[in-house]
2 protein chains.
Amino acid sequence: MEPLTEAQQELYDWLVDYIRDNQHSPSIRQMMKAMGLKSPAPIQSRLDHLRKKGYIDWSEGKARTIRILQDIHGIPVYGAIAAGYVSEVYTDEVTRLDLAGLPIKSGDYALKVNGDSMIGAMIQDGDMVIMRPVHDPQSIREGTIVAARIERGETTLKYFHRQGNQVQLKPANQDYPVQEFLASQVDIQGRLVAVWRDSFD
Amino acid sequence: MEPLTEAQQELYDWLVDYIRDNQHSPSIRQMMKAMGLKSPAPIQSRLDHLRKKGYIDWSEGKARTIRILQDIHGIPVYGAIAAGYVSEVYTDEVTRLDLAGLPIKSGDYALKVNGDSMIGAMIQDGDMVIMRPVHDPQSIREGTIVAARIERGETTLKYFHRQGNQVQLKPANQDYPVQEFLASQVDIQGRLVAVWRDSFD
DNA sequence: ACTCAATCAGAACAAGTGTACTCTCGACTA
DNA sequence: TAGTCGAGAGTACACTTGTTCTGATTGAGT
């Protein structure tokens with residue numbers, strides 16, 4: 001990332017804070033006052049440089065449309081780790097894991113997992129599963145993990161399989177039985193899109 | 001939260017998406033087009049209702065200053081699901097899982113997991129592990145999962161154990177051996193605070 | 001049948017706002 | 001020493017944009 005001058009850095013830092021707090025960009029005259037200036041020209045100049053250097057962008061001619069190009073919310077992904085004695089560090093290109101924006105859409109919701117019936121799918125007690133609402137049951141693919149409500153009763157997390165007009169709900173644990181229902185008996189409330197676990201002491 | 005009409009809900013959902021994607025509010029005429037309308041009046045009406053019901057707010061007279069009052073980045077936690085045929089739905093109090101803010105501190109970073117040496121700890125290939133830097137190796141508790149760099153070589157994810165002045169790195173998979181090193185040989189780069197997995201088709 | 005709220009079209013206005021322009025000044029460099 | 005670049009003041013203009021009108025339509029209650 002190309003370095004910034006002191007004045008540019010000052011404006012950039014203020015911008016990031018303002019946008020994070022207010023969910024929208026300030027106007028040039030607002031920035032002017034915040035920087036203690038009496039003319040919009042210096043702000044324009046700094047903004048031009050910030051854009052040229054790849055820090056921000058905006059829609060030409062439109063009011064308050066500045067966007068910070070760097071991810072504000074995510075955390076940096078430094079590389080790949082682990083296991084087979086291999087490791088790799090991303091030095092030049094630091095991607096970012098945007099837990100807030102990237103894989104999650106509006107409407108998604110989370111459920112806390114009780115029990116261990118999905119242990120074979122690496123989902124354990126206490127995990128948070130992020131679900132996406134399913135509007136058309138026909139669109140669910142075989143083997144997807146879904147939250148299924150059975151006959152207006154309890155909801156469980158299971159593998160989804162079709163068998164004619166029947167629906168199979170398979171746990172990922174030998175200790176639990178496979179359940180079969182008529183398609184009309186089960187209500188698929190969502191499909192699994194992500195798992196979050198922070199239950200480490 | 002007061003319920004919304006269909007038209008209001010449609011606008012609100014679109015708004016949330018737009019602001020999250022663009023870091024600023026759209027103009028009324030943009031909303032007009034997005035909703036397929038030919039007049040700004042209906043949008044204003046919907047916005048008035050959304051504000052009155054506490055969903056959004058804006059600075060009067062200022063362009064593109066709409067803010068979503070609800071937390072955009074967290075996602076709602078509807079309840080507990082699964083497993084032992086038990087389920088529970090949180091109806092009254094909807095907590096929110098703030099993936100961006102809550103359990104993650106500044107300085108945390110993510111690593112993509114290669115291999116299956118931690119499969120016993122329910123961490124599989126492709127998972128993102130969120131690590132927190134460890135400054136004092138003495139503070140690490142027995143059995144914590146850490147990212148350890150061995151003799152300035154590769155970094156691996158393992159259980160951390162002490163044995164006198166030696167350090168044991170135990171994988172969570174029988175197929176891999178336990179490794180032992182002098183404390184001076186291993187550099188603990190971080191301890192595991194969370195796991196994220198979104199590799200579902 | 002009546003009321004009321006919510007939803008639309010269309011037009012108009014005033015303020016907010018981005019942008020362009022002309023200057024000056026200081027720091028650094030060839 | 002002349003030249004370039006970034007910072008800053010001040011002014012002006014055109015477009016974007018929020019807001020306010022006047023009406024018409026629809027649907028749900030009563």
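Please read these numbers as outputs of a predicted model, since none were measured by experiment. Heavy-atom basis, side chains included; hydrogens, waters and symmetry copies ignored. Residue numbering restarts at 1 for every chain, and letters A, B, ... go by the order of the sequence lines.
Atom CD in B/Glu10 sits roughly 14 Å away from atom C1' in C/dC8 (whole-Å rounding). Between the P atom of C/dT7 and the NE2 atom of B/His49 lies a distance of 6 Å, rounded to the nearest Å. Per the geometry, CG belonging to B/Leu11 stands 14 Å off C1' belonging to C/dC8, to the nearest Å. Spacing between atom CG of B/Asp48 and atom P of D/dT19 amounts to 8 Å, rounded to whole angstrom units. Per the geometry, CG belonging to B/Leu37 stands 17 Å off P belonging to C/dA6, to the nearest Å. For the pair B/His24 NE2 and C/dG18 C1', the interatomic distance rounds to 14 Å; values are reported in whole Å. The interatomic distance linking A/Ile43 (CD1) with C/dA20 (C1') rounds to 17 Å, in whole Å. Distance, B/Met31 CE to D/dT17 P: 10 Å, rounded to whole Å.
Of the candidates D/dG18, D/dA7, C/dC8, the closest approach to any side-chain atom of B/Ser27 belongs to D/dG18. The side chain of A/Pro40 lies closest to C/dT19 when the candidates are D/dT19, C/dC8, C/dT19. When each of C/dT7, D/dA7, C/dT17 is scored by its nearest atom to the side-chain atoms of B/Ser45, the top-ranked nucleotide is C/dT7. Taking only side-chain atoms of B/Lys38, from C-beta outward, the nucleotide of C/dG10, C/dT17, D/dG10 with the closest atom is C/dG10. Comparing D/dG10, C/dT17, C/dG10 against the side chain of A/Arg64 picks out C/dT17 as the nearest.
Using a 4.0 Å cut-off, no side-chain N or O of B/Gln30 falls inside it from OP1 or OP2 of D/dT17. A sub-4.0 Å separation between OP1 or OP2 of C/dG16 and a side-chain N or O of B/Trp58 is absent.
Taking CD of B/Gln8 as the start and CG of B/Leu47 as the end, the distance is 10.0 Å to the nearest 0.5 Å. Between atom CD1 of residue A/Ile68 and atom CG of residue A/Asp17 there is a gap of 9.5 Å, rounded to the nearest 0.5 Å.
With respect to the salt-bridge test (charged N to carboxylate O, under 4.0 angstrom), the residues A/Lys170 and A/Glu180 do not qualify.
Within the 4.0 angstrom heavy-atom criterion, base atoms lie near A/Arg29. Among the atoms of the strands shown, base atoms are found under 4.0 Å from some heavy atom of A/Gln44.
The nearest pair of heavy atoms linking B/Pro42 to B/Leu37 is CB-CD1, 3.7 Å.
Place B/Met32 and B/Ala63 on DNA chain C by their nearest nucleotides, and B/Met32 ends up nearer the 5' end. Closest-nucleotide positions on DNA chain C for B/Gly61 and B/Ala41 were compared, and the one nearer the 5' end corresponds to B/Ala41.
A donor-acceptor contact under 3.5 angstrom links the side-chain atoms of A/Ser39 to the base of D/dG10.
Summarising the local packing, CD of B/Glu142 is surrounded by more than 12 heavy atoms from other residues, nucleotides or ligands at distances under 6.0 Å.
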